[in-house]
Amino acid sequence: MEKFTKLTGVAAPLPILNIDTDMIIPKQFLKTIKRTGLGKNLFDEMRYAKDGSEVADFVLNRPAYRKASILVAGANFGCGSSREHAPWALLDFGIRCIVAASFADIFYNNCFKNGILPIKLPQAEVDKLLDDAERGANAVLTIDLEKQEITGPDGGCIAFDIDPFRKHCLLNGLDDIGLTLQKQEKINAFEGRRSREQPWL
Amino acid sequence: MAKLRTLFDKIWDSHLVDVQDDGTCLLYIDRHLVHEVTSPQAFDGLRVAGRKVRHAEATLAVADHNVPTTDRSQGIADEESRIQVQTLEDNARAFGVEYLPMDDIRQGVVHIVGPEQGFTLPGTTIVCGDSHTSTHGAFGALAFGIGTSEVEHVLATQTLVQSPAKNMLVRVDGPLPAGVTSKDLVLAIIGRLGTAGGTGYVIEYAGEAIRALSMEGRMTVCNMTIEAGARAGLIAPDQVTFDYLMGRPRAPKGAVWEAALAYWKTLSSDPGARYDAELVIDATELVPMVTWGTSPEDVLPITASVPDPADIVDGAKRAAVERSLAYMGLRPGTPLEQVAVDAVFIGSCTNGRIEDLRAAAKVMENRKVASGVRVLVVPGSGLVKEQAEQEGLDQIFLAAGAEWREPGCSMCLAMNADKLTDGERCASTSNRNFEGRQGRGGRTHLVSPTMAAAAAVTGRLTDVRKLV
Ligand code: SF4
């Protein structure tokens, strides 16, 4: 997993409530057996017309935002299915950070496994960032994970909270499985106890 | 005195392998269900790292999302679907995991197969790379959906890194009125909580109406818990649960069954245990429900009319309703019962079990599908299909003019050939009415099996209480 330390990039505004994973990556693209290549179909049904042409006014099609690496979105982002194809598609497009007032649990978790930083802020702060993001290519934000700070185009600074363990893993690009396997002995002990107490499992 | 604990607390505590100083927990996972869509990259990850599946016998694989629901003797026509299903079979074989092939009578939607096989047991932790894993909570198991990286983590370590959830109690008092089902109940709860109302919580359902539900009905309620944003739904096991489980292929037998039963009977919240939030619903006031928009929280009684965005003060909410109505092609103020449908889908892990089919068949018996309406009935598993055929339900559906299909996810998410076309409107017993969920441009109204059957015979959304 790629580390996340500091990111400076264009922020795209997507002020829709309850953006679900079917919108982020529709099911016809879930037939892949790979993790990569999904970026071109990110937000497919909003981004392309039925004939496959681009919808000109969809935010990621507008010239200023084609290289966006940050999304500022409506509350309850990522609700719906557990598909990790959603963060894979965002990552493949180049999005490394999403800011919203709230996220659905599974999606939120999935972000951290893929080096994407989801930031929860109060709605008033999100609204301010949405305003900033509307400024197009000038809407450059800097996200500093170490300091837990977002710096806006006018130099204004917003602090954010994050779970310390998740922060540690993101900063160092740590693989969860490797970390867990260091706890082998505890897992073995648990299993020993379980087979004595619950032999039906 | 020991701390009073909820059912969630008890299951959680009994599965802790490790708690880090910062509170991050390592949770043991007893059961892992695997399907073809969210697993290929996980097995691939294992292969790349040279890892094995830690407990193949705790893992069960079945393909459901991509499988055709028509004649399967020719295999799968769509190449990508075929590759994905084949990849699951190959991975299962390579890693020693049991796989139920497409022509096995036990094949079906993963959340129907687990309980049917007795793979789902009370007091266990169950995961699957699928958000509707919440279904299994009906047995008093802590069951939740995970992403593919976590699937890989569970395959490799039989554990998951988790932080504890908050506890919410939803108590449903009084009996459900005639004609009102578990689906109506859960839709009403989602309407009350909103799609994010349960975020961060595990919801425990209790109360008279929940106790009175069959296992099928309880599974419907827990299944849709994720639609309120909650991590999982839970219902304490009782005699209904034990009766359902006894004799299932993977359920314990003999003396071990007795030991398991004694343990399962301890699985309920301590009286007086504290919840972080509580919601009380009066079941006696409920009526059949239907969704009008593109989020499961967009739900109203069938007796209501399409809402008017002009009545909504909050700007973001108003914009969301306007967007939904435009997508759904509905005019504010239209009585829901006047909305005509083009298709009806009866099936999915929400409502593809035998009781659901019985209930739908009862409404359709001696009636005909309205002209121009396409009706798909898709049993949730091969075993459900067999049972339904033994009871003659297939003949009722066929005589009415519906299609009787092979088991799978089918038009719940339209990853196989079963899709709505652009602008087509469907009364569906599935769980999501998101834009494009049942096919690009397709319009979904979520309803119970009896309401779906009523729509099938009248050709419009209909209060089923008028037909019975
Ligand atoms: S039936 Fe629908 S909700 Fe259930 S597992 Fe299949 S696609 Fe998911």
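Naming: A, B, ... by sequence-line order, numbering from 1 per chain.
If you measure heavy-atom distances from N188(A) to chain B, the contacts under 4.5 Å come from both the backbone and the side chain. Proximity to chain A is absent for every atom of H65(B), based on heavy atoms less than 4.5 angstrom apart. With a 4.5 Å cut-off on non-hydrogen atoms, E57(B) does not touch chain A at all. For chain A, the nearby part of S14(B) is the backbone; its heavy atoms alone come within less than 4.5 Å. For A414(B), the parts sitting under 4.5 Å from any heavy atom of chain A are the backbone and the side chain alike. For a residue to count as touching a neighbouring chain, one of its non-hydrogen atoms must lie under 4.5 Å from one of that chain's; by this rule M46(A) touches chain B with the side chain only. Only the backbone of F103(A) comes within contact range of chain B, with at least one heavy atom under 4.5 Å from a heavy atom of that chain. Neither the backbone nor the side chain of L160(B) comes within contact range of chain A; no heavy atoms are under 4.5 Å apart. Contacts of L413(B) with chain A are made by both backbone and side-chain atoms, with heavy-atom separations under 4.5 Å. Looking at T87(B), only its side chain comes within 4.5 Å of chain A, counting heavy atoms on both sides.
Per-residue counts of heavy-atom pairs under 4.5 Å with chain A were compared for E80(B), E36(B), E435(B), R432(B); the largest is that of R432(B). Contact tally against chain B (heavy-atom pairs below 4.5 Å) for Q184(A), K27(A), K113(A), R166(A): the top residue is K27(A). Annotation: maximal heavy-atom pairing with chain B below 4.5 Å, among L201(A), I106(A), I187(A), N110(A), occurs at I187(A). The candidate from E297(B), R54(B), R437(B) with the greatest count of non-hydrogen atom pairs under 4.5 Å with chain A is R54(B). In terms of heavy-atom pairs under 4.5 Å with chain A, the best-connected choice from D18(B), V256(B), T24(B) is D18(B). Of the listed residues (K34(A), E197(A), Q198(A), E191(A)), the one with the most heavy-atom contacts under 4.5 Å to chain B is E191(A). When D105(A), N114(A), D163(A), L179(A) are compared by the number of non-hydrogen pairs under 4.5 Å with chain B, D105(A) comes out ahead.
Relative orientation of the F112(A) and Y108(A) rings is perpendicular, given thresholds of 30° and 60° on the angle between their planes. Relative orientation of the Y263(B) and W200(A) rings is tilted, given thresholds of 30° and 60° on the angle between their planes. The aromatic rings of F58(A) and F43(A) lie tilted to each other, with the angle between the two planes from 30° to 60°.
The shortest non-hydrogen separation linking F4(A) to L7(A) is CZ-CB, 3.8 Å.
Side-chain polar atoms of H132(B) and E227(B) form a donor-acceptor pair below 3.5 angstrom.
In this structure, the side chain of T125(B) engages the main chain of Y28(B) through a donor-acceptor pair within 3.5 Å. Between the side chain of T444(B) and the backbone N or O of N433(B) there is no donor-acceptor pair closer than 3.5 Å. Judged by distance alone, with hydrogens and angles left aside, the side-chain atoms of N41(A) form no donor-acceptor pair with the main-chain N or O of D44(A) at under 3.5 Å.
For D422(B) and R440(B), the salt-bridge test fails: no basic side-chain N is under 4.0 Å from an acidic carboxylate O. A salt bridge links D22(A) with R83(A): the distance from a Lys NZ or Arg NE/NH1/NH2 to an Asp or Glu carboxylate oxygen falls below 4.0 Å. Checked for salt-bridge contact, K31(A) and D78(B) meet the test: a charged N lies under 4.0 Å from a carboxylate O.
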